[in-house]
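See below for the structure under consideration.
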Amino acid sequence: MRATFHLGRLWGIRIGMHWSVLAVVVLLVFGVGFARFPLAYPGYGAVAYLVSGVAAAVAFLASLVAHEMAHALVARREGQEVEGITLWMMGGLASLKGQFRDPGAEFRIAGVGPLTSGLVAVLFGIVTWLVVVADGPALVSGVPAYLALINLVLAAFNLVPAAPLDGGRILRAALWRRWDDRHRATVVTSRLGRGFGFGLVLLGVVGLLAGAGGGLWWVLIGLFIVLAAGAEQWQAEVGAALAGVRVRDVMTPRPDVADGARSVDMFLRDTALVRRHSAFPLVDDAGRVEGMITLNRLKSVPPELRETTTLREVACPPEEIPFAAPDDSLPELMSAMNGCSDGRALVFDQGALVGIVSPTDVSRAVTLRGLDARQ
């Protein structure tokens, strides 16, 4: 899930927002501010309901940031690198590089999210109580009351023991410690996640047939859980198949590089259509990597702008490209091969670029290991 808008950094952690968050804002402003609140707290003007809806939307997004920031800060304390936080329609995602070092670390990182949402719910509950004690307007007390309830629901929902929810992570940590087998624990929680996701989809379909508008929301959440749980299981299976494989075993050595100052038009005509690669690291005269250009990023440039746009302007920036050393574990690198590099990672040896790893390289390694297993 890539961020459409970058909101800045908090404690050095990048915070972004996907465009789909706008759907949540609209839902809260109009669905809550102009539907729920007028029924619960009648007698106020349209401006008051609009302000209450906007306040609820902003505060809810801040609650999601707090939830994901808690994951990120604890993960950093556990020694994991944090890529950033992205808010989107279904909530938020904290992108972590690498795998959890032990079951205890995963338990602490996963558990702090629902705990934070629970504490936020208590905080909004206290604010509600203070407004009521001060004999404030009912609508003013209704906004924090609603936020307390929704954060409590968020905490409870995330504790469901099914991947990729926090409860699934907690269960996986417990099974991992009991069985001393991370792969087996991941498969179990992923299957539970897929079952739970399909259950939500079924619930949403029944709701839609019954005329409940919220049914579509449950269908979307269920589909996300099904896909995410399936991806986790696939990654676990691939990781088990590639156990012991090093980056040097699969990387493409001496990758073709490009000059970031070249125009997109010239590069497409003279290089991309000739070399038949789908990703090119951008390297300056001193040998420093300036970014990575991929075919997907080239396609994003309108034809009329290709002649005046340089590769450097549209490339994936260096800080968002996964890096590895030749002797690093391939399964650990795979968990970081996402984002704007389109699944590629660059390999460095003593500061020099020596190779590139692509999804095709990984697939080929899985196939070869499968052939060895059948011999």
Side-chain angles (χ1 to χ4, degrees), residues 1 3-10 15-70 85-93 113-114 116-158 200 203-204 206-222 224:
M1 183 58 58
T4 308
F5 312 102
H6 294 285
L7 306 179
R9 291 180 178 271
L10 188 60
I15 302 175
M17 184 174 70
H18 189 258
W19 64 265
S20 59
V21 172
L22 298 177
V24 177
V25 173
V26 171
L27 178 66
L28 288 174
V29 171
F30 292 96
V32 176
F34 287 102
R36 181 186 180 94
F37 286 165
L39 291 176
Y41 314 103
Y44 294 89
V47 174
Y49 291 126
L50 175 63
V51 172
S52 65
V54 171
V58 173
F60 178 64
L61 293 181
S63 301
L64 293 180
V65 171
H67 181 109
E68 299 303 329
M69 184 61 68
I85 292 172
T86 302
L87 302 181
W88 70 302
M89 185 173 64
M90 300 300 177
L93 293 171
T116 300
S117 293
L119 292 176
V120 171
V122 171
L123 176 62
F124 281 120
I126 293 174
V127 172
T128 304
W129 176 76
L130 291 175
V131 175
V132 172
V133 169
D135 199 24
L139 182 59
V140 175
S141 65
V143 174
Y146 173 77
L147 291 166
L149 175 62
I150 199 171
N151 274 280
L152 194 61
V153 171
L154 180 64
F157 182 76
N158 270 280
L200 290 181
L203 178 65
V206 172
L208 287 173
L209 294 176
L216 179 60
W217 194 255
W218 290 114
V219 170
L220 292 175
I221 293 177
F224 167 73

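Predicted model, so just to flag it, every value in this text is computed and none were measured.
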Shortest non-hydrogen separation from [X] to [Y] and the atoms involved:
X	Y	value
L147	A56	CD2-O, 3.5 Å
S63	V120	OG-CG1, 3.7 Å
S141	V132	CB-CG2, 4.0 Å
G125	A148	N-CB, 3.8 Å
G222	L200	CA-CB, 3.8 Å
V140	P144	O-CD, 2.9 Å

Check your understanding: Is a side-chain donor or acceptor of Y44 paired with a backbone partner of Y49 at a separation under 3.5 angstrom?
Key ->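 Looks like no, no N/O pair under 3.5 Å.
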
Practice item. Determine yes or no for a side-chain-to-main-chain donor-acceptor pair under 3.5 angstrom, with T128 supplying the side chain and A145 the backbone. Key: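 Confirmed, T128 side chain pairs with A145 backbone.
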
Review point. Are V25 and L61 close enough that some pair of their side-chain heavy atoms sits under 4.5 Å apart?
Key: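 Of all side-chain heavy-atom pairs linking L61 with V25, at least one is under 4.5 Å.
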
Point to revise | Contact check, side chains of E68 and I15, non-hydrogen atoms, under 4.5 Å | key: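 Not touching, per the 4.5 Å side-chain cut-off.
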
Spatial distance of atom [atom1] ([X]) from atom [atom2] ([Y]) [nearest 0.5 Å]:
X	Y	atom1	atom2	value
L208	L203	CG	CG	9.5 Å
T86	H6	OG1	NE2	8.0 Å
L64	T116	CG	OG1	12.0 Å

Point to revise | Under 3.5 Å side-chain donor-acceptor pair for H67 and S117 | key: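 Present: a donor and an acceptor within the cut-off.
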
Review point. Which class fits the ring pair F37 and Y146: parallel under 30°, tilted 30 to 60°, perpendicular over 60°?
Key: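 Answer is perpendicular, since the angle exceeds 60°.
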
Review point. Is it true that atom CZ of F34 has more than 12 heavy atoms of other residues, nucleotides or ligands lying nearer than 6.0 Å?
Key: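 Count over threshold, so yes.
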
**Study point:** Qualifying residue, where the test is side-chain contact (heavy atoms from CB on, under 4.5 Å) with F124 and the options are L119, L149, N151
**Key:**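 Per the side-chain contact (heavy atoms from CB on, under 4.5 Å) rule, the option paired with F124 is N151, out of L119, L149, N151.
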
